[in-house]
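Take a look at the structure set out below.
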Amino acid sequence: MNEHQDNISDRESFEQEQNELTKRRIAELEELKKLGLNPYTYSFDVDSCSTDILQTFKDDAPQREVSVAGRIVSLRRMGKASFCHIRDSKGKIQLYLKRDDIGPAYDHFKLMDLGDIIGVRGIVFRTKTGEVSIHAKSLDLLAKSIRPLPVVKEKVDEQGNKMVYDPFSDKELRYRQRYVDLVVNPDVREVFVKRAKVVGSVRRFLDERGYLEVETPVLQPIYGGAAARPFITHHNALDFDFYLRISDELYLKRLIVGGFEGVYEISKDFRNEGMDKSHNPEFTMLELYVSYKDYNWMMDLVEKMIHSVALTVTGGARVKVGENGIDFTPPWKRITMLDSIREITGEDLAGKSEDELAAIAKKHRVEVERSMGAGKIIDAIFSGLVEPMLIQPTFITDYPIEMSPLAKRHRSKPGLVERFELMCNGHELANAFSELNDPLDQRSRFEDQAKLKARGDEEAMVIDEDFLRALEYGMPPTAGLGIGIDRLTMVLTDRESIRDVIFFPQMKPEK
RNA sequence: GGGGCCGUAGCUCAGUGGUAGAGCAUCUGCCUUUUAAGCAGAGGGUCGUUGGUUCGAUCCCAACCGGCCUCACCA
């Protein structure tokens, strides 16, 4: 089938799919064209926005003429006069349209619907019932809507509680048609405005300290920097399979080798793993590397940074997340991983063999597999039993060396590395370490990973010879950090699903 | 991948082994300060898809598609 035929059949199915509501609106659109209107105009001069008008209105001030534009979201026609609300990027405002005032445009208005985008010029006034509104002098249709939006009605009772009638609540529709969700559910917009503030305030915090924002490859010949399965893609001209990055780490450290003393990147990583309410296949990661610093210094920085982000985004250091109140005021608890396991389970895992660890895991109904090394078993015990209990921001420090192949050996505790994870609301929010900069040690750690891979661990890291070559030239002592921006946003906006902080969460394709 | 729940009008939902109903939205009429506007009337559905059982399926059964929750896996 050629493209032309495709287009024809697409058009046929489009026409068949039309329901009564859409057909009616297309008929109205034709009617408006006959009246000489262009239903899809090119521009409109807007000089005010809804919330500014509402906030600055004074009953005793001189009359003020404004020009606003937005989408019709409610409509009350009363014969020769009508009220409607339009929604613009900041909020809603009511319009009052009277036939005697706008003349023929009132007949045009009769052909308009919920969802149409209009521009109005008029006088700000207060109605009998007290709502600040715009008394229209002119009305322009800017874009006709031919597909009916869900109609969500609200009522604010005397206590100021907002009641929502007929909410648009089907999660599948909300995620697949986020544009509708955003039009109809204003709190969704708020979440994403906050998300932008999270990213903005992180960036400002790091820029102020002189760290350089950089970009590194998404398409990588060798993936690395984390334990995860990658997506594979194919480059046609090179006839070579590339991996979508699972982390920025190894490239950012190459830049530290190159002499930058502080670099960071905020970008998408991709992991080819299960999806649930805290995992999306593509997600946003902040990574930061600072020379001549260690993980202790990094803990101080993370406390300051997230505290400042919380202040910027929520206006305070205390944040309500579900049933919990989380307080980001520094300092936060710092406890070693093994101590935290001992505190919660009573088990001392220090110096235990792989078999002993497996037995302890089994005792606490934590599943382990044969391919797991000692490090992975400890991690399984930790994530299964301890992690969910950590609600207040807590630094878990000093991880087993086997599960941290890129982290530097602990300066005083054999078998451990200088690594911390920030836990909050039962999830990992950040991961950081004193970076391993000994090229020979790094090589042997990669070799250990290769052995795990041979045992069937699909997430074990692969040897990156170019990265080793970089380390061989010499990398200064460095502290490195990764923060999941989506999860940080979840905490700061009180959303329990990552899908609620990503505009277009991954879904199976329709049909 | 396992288990549970779900898919009925544009939206939110009810319902029945004899091809369906409500509220809002839509349409017609009335209405020049309404606000979940109101009053009177009307139209609108391949009941997720495909099979099976049955005289007959939207309902019972199976598979599939999609979603949510949960466990597993996983940052």
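Side chains are part of it too, since the values below use all heavy atoms of this structure and drop only hydrogens, waters and symmetry mates.
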Without decimals, in angstroms, what is the distance between [X] [atom1] and [N] [atom2]?
| X | N | atom1 | atom2 | answer |
| --- | --- | --- | --- | --- |
| His135(A) | rU34(B) | NE2 | P | 14 Å |
| Lys92(A) | rU34(B) | NZ | P | 18 Å |
| Arg77(A) | rG38(B) | CZ | C1' | 15 Å |
| Glu172(A) | rU12(B) | CD | C1' | 16 Å |
| Met112(A) | rA25(B) | CE | P | 20 Å |
| Asp59(A) | rU33(B) | CG | C1' | 15 Å |
| Leu114(A) | rC11(B) | CG | P | 15 Å |

Below 4.0 angstrom from OP1 or OP2 of [N], is there any side-chain N or O of [X]?
| X | N | value |
| --- | --- | --- |
| Lys171(A) | rC6(B) | no |
| Arg499(A) | rC68(B) | yes |
| Arg76(A) | rU34(B) | no |

Legend entry - Check: rU26(B) base within 3.5 Å donor-acceptor of Glu20(A) side chain: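 Side chain to base: no pair present.
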Inset, instruction - Establish whether the base of rU34(B) is bridged to the side chain of Gln94(A) by a donor-acceptor pair shorter than 3.5 Å. - result: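 Present.
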Legend entry - Out of rU12(B), rA25(B), rC69(B), whichever nucleotide has its closest atom nearest the side chain of Val151(A):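 Nucleotide nearest to Val151(A)'s side chain: rA25(B).
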Inset, instruction - Counting heavy atoms from C-beta on, name the nucleotide in rU12(B), rU32(B), rU35(B) closest to the side chain of Ala81(A). - result: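 My answer, after comparing the listed nucleotides, is rU32(B).
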Sort out the partner of [N] for me: Watson-Crick or G-U wobble, both distances under 3.5 Å, none otherwise.
| N | value |
| --- | --- |
| rU32(B) | none |
| rA25(B) | none |
| rA9(B) | none |

Legend entry - From CG (Asp107(A)) to CE (Met112(A)), nearest 0.5 Å: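 Rounded to the nearest 0.5 Å, the CG-CE separation comes out at 10.5 Å.
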Inset, instruction - Return the 5'-most residue of the pair His279(A), Tyr175(A) with respect to RNA chain B, ranking by each residue's nearest nucleotide. - result: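 The 5'-side residue here is Tyr175(A).
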